[in-house]
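All values derive from a computational prediction rather than experimental measurement. Convention: sequence-line order gives letters A, B, ...; per-chain numbering from 1.
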There are 2 protein chains.
Amino acid sequence: MSDLLERLRRRGWRMTAQRRVIAQILDGDHVHLTADEVHTRAARLLPEISRATVYNTLGELVVLGEVAEVTVDGRAKRYDPNTRRPHHHLVCTRCGTIRDVHPTGDPLTRLPADRRLGFTVATADIVYRGLCPDCGVGSTA
Amino acid sequence: MSDLLERLRRRGWRMTAQRRVIAQILDGDHVHLTADEVHTRAARLLPEISRATVYNTLGELVVLGEVAEVTVDGRAKRYDPNTRRPHHHLVCTRCGTIRDVHPTGDPLTRLPADRRLGFTVATADIVYRGLCPDCGVGSTA
DNA sequence: TCTTGACTTGGACTGTGTCCATCGTAGGAT
DNA sequence: ATCCTACGATGGACACAGTCCAAGTCAAGA
Ligand SMILES: [Mn+2]
Ligand SMILES: [Mn+2]
Ligand SMILES: [Zn+2]
Ligand SMILES: [Zn+2]
């Protein structure tokens, strides 16, 4: 069972069937589902769960820092349960696969103070785009 | 007059009043307007211009490589006429200001081959988030 | 000036996300 | 075990961003 549920219980969350199902779906690495994808999967386990509940729960998990919102295109936001260590993303421009990636060093050192235009920079979101192994050179699929 | 229009004419584009005003609006540095913002400004010069034409024209400019789409949040895409040199973006988390920024070196060197999970990486989109000079420490506004 | 196909237009339509009044229930109190 | 009630769930209306289409308009070459 996911320790996400354990952390949530400790935070005083009321445990409902809906929240259990959503937490169960948001478990594992390289998970970057849209709200509708979460809803579809949740509905297989709990047919009458509503879209509003999925949006509410995801929003609360984001506020608690238990999941991160990831925007890799102008489409639907994706929800990422891997918040233990911050990371960046590799996106396949052909099939859309998204994978977690850990660049070397602190991404902020790339941006020296004299190029920051007076900003106080806190974070860097990086999306690397290219072709995944399945879609890369030589693929005829 | 913008040299964007000159490049477009050379590419055989039919010059219409709508395209002229859109090209005129998409001129300068640190310009990152949404489609609706472009439409609002265009309508001040050409009251009957339609939203569909703004979307059509922006889409064509993107295909031609004359403007870049920038996604800094889950909201509307932004259109960036600064495609001469690739660059990244500083976003103020308080007021939303977006500015162009040029980190040192090639952003892809941060991601060594053994961390690329077999991807063939082509580009890196980077969004630095923080507070702009107006919103930074000590601002009471 | 005429012709024609590329461009523009308004509106219908889709996808994504928010809001709200009402209903249901988890979990503490008894 | 049962009751209470505040918190959570629900469905539907709504808002925003973007796409699509049939019909009308016009830029530019003949
Ligand atoms: Mn991730
Ligand atoms: Mn820019
Ligand atoms: Zn792929
Ligand atoms: Zn600011």
Do [X] and [Y] have side chains that approach each other closer than 4.5 Å (heavy atoms only, starting at C-beta)?
X        : Y        : value
B/Glu66  : B/Leu26  : no
A/Val101 : B/Leu111 : yes
A/Val31  : A/Asn82  : no
A/Ile22  : A/Val54  : yes
B/His30  : B/Ile98  : no
B/Arg78  : B/Thr71  : no

If you round to the nearest 0.5 Å, how far is CD of B/Glu48 from CD of B/Gln18? 10.5 Å
Here's a test of your reading of the structure: between A/Arg9 and A/Ala76, which maps to the more 5' nucleotide of DNA chain C? A/Ala76
[N] [atom2] sits how many Å from [X] [atom1], rounded?
X       : N      : atom1 : atom2 : answer
A/Tyr79 : C/dT16 : OH    : P     : 12 Å
B/Arg20 : C/dT8  : CZ    : C1'   : 14 Å
A/Lys77 : C/dG15 : NZ    : P     : 19 Å
A/Glu37 : C/dG17 : CD    : C1'   : 15 Å
A/Asp36 : C/dG15 : CG    : P     : 10 Å
A/Leu8  : D/dG8  : CG    : P     : 12 Å
A/Arg75 : C/dT14 : CZ    : C1'   : 10 Å

Please enumerate all protein N or O atoms sitting under 3.5 Å from an N or O of nucleotides 2-5 of chain D, with distances to 0.1 Å.
none

Listing time: all N or O pairs from protein to nucleotides 9-13 of chain D that are below 3.5 Å?
residue : atom : partner : partner atom : Å
D/dA9   : OP1  : A/Thr16 : OG1          : 2.7
D/dA9   : O3'  : A/Gln18 : NE2          : 2.8
D/dT10  : OP1  : A/Gln18 : NE2          : 3.2
D/dT10  : OP1  : A/Glu48 : O            : 3.1
D/dT10  : OP2  : A/Ser50 : N            : 3.0
D/dT10  : OP2  : A/Ser50 : OG           : 3.4
D/dT10  : OP2  : A/Thr53 : OG1          : 2.9

Could you tell me if A/Thr109 and B/Arg110 have a donor-acceptor pair between their side chains, going purely by distance under 3.5 Å? yes
Would you mind reading off the bend of the helix from C/dT1-D/dA30 to C/dT30-D/dA1 from its two end axes, five pairs each, to 10 degrees? 20°
Think A/Tyr55 has a side-chain N or O under 4.0 angstrom from the OP1 or OP2 of C/dG17? yes
By the definition side-chain hydrogen bond (donor to acceptor under 3.5 Å, both in side chains), identify the one residue from B/Arg85, B/His89, B/His88 that meets it with B/Asp100. B/His89
With nearest nucleotide decided by heavy atoms, which residue, A/Trp13 or B/Arg78, maps closer to the 5′ end of DNA chain D? A/Trp13
With clusters defined by side-chain heavy atoms of hydrophobic residues (ILVMFWY) lying less than 4.5 Å apart, directly or transitively, does B/Val62 cluster with B/Leu8? yes
Can you confirm whether A/Arg41 is buried at CZ, in the sense that more than 12 heavy atoms of other residues, nucleotides or ligands lie under 6.0 Å from that atom? no
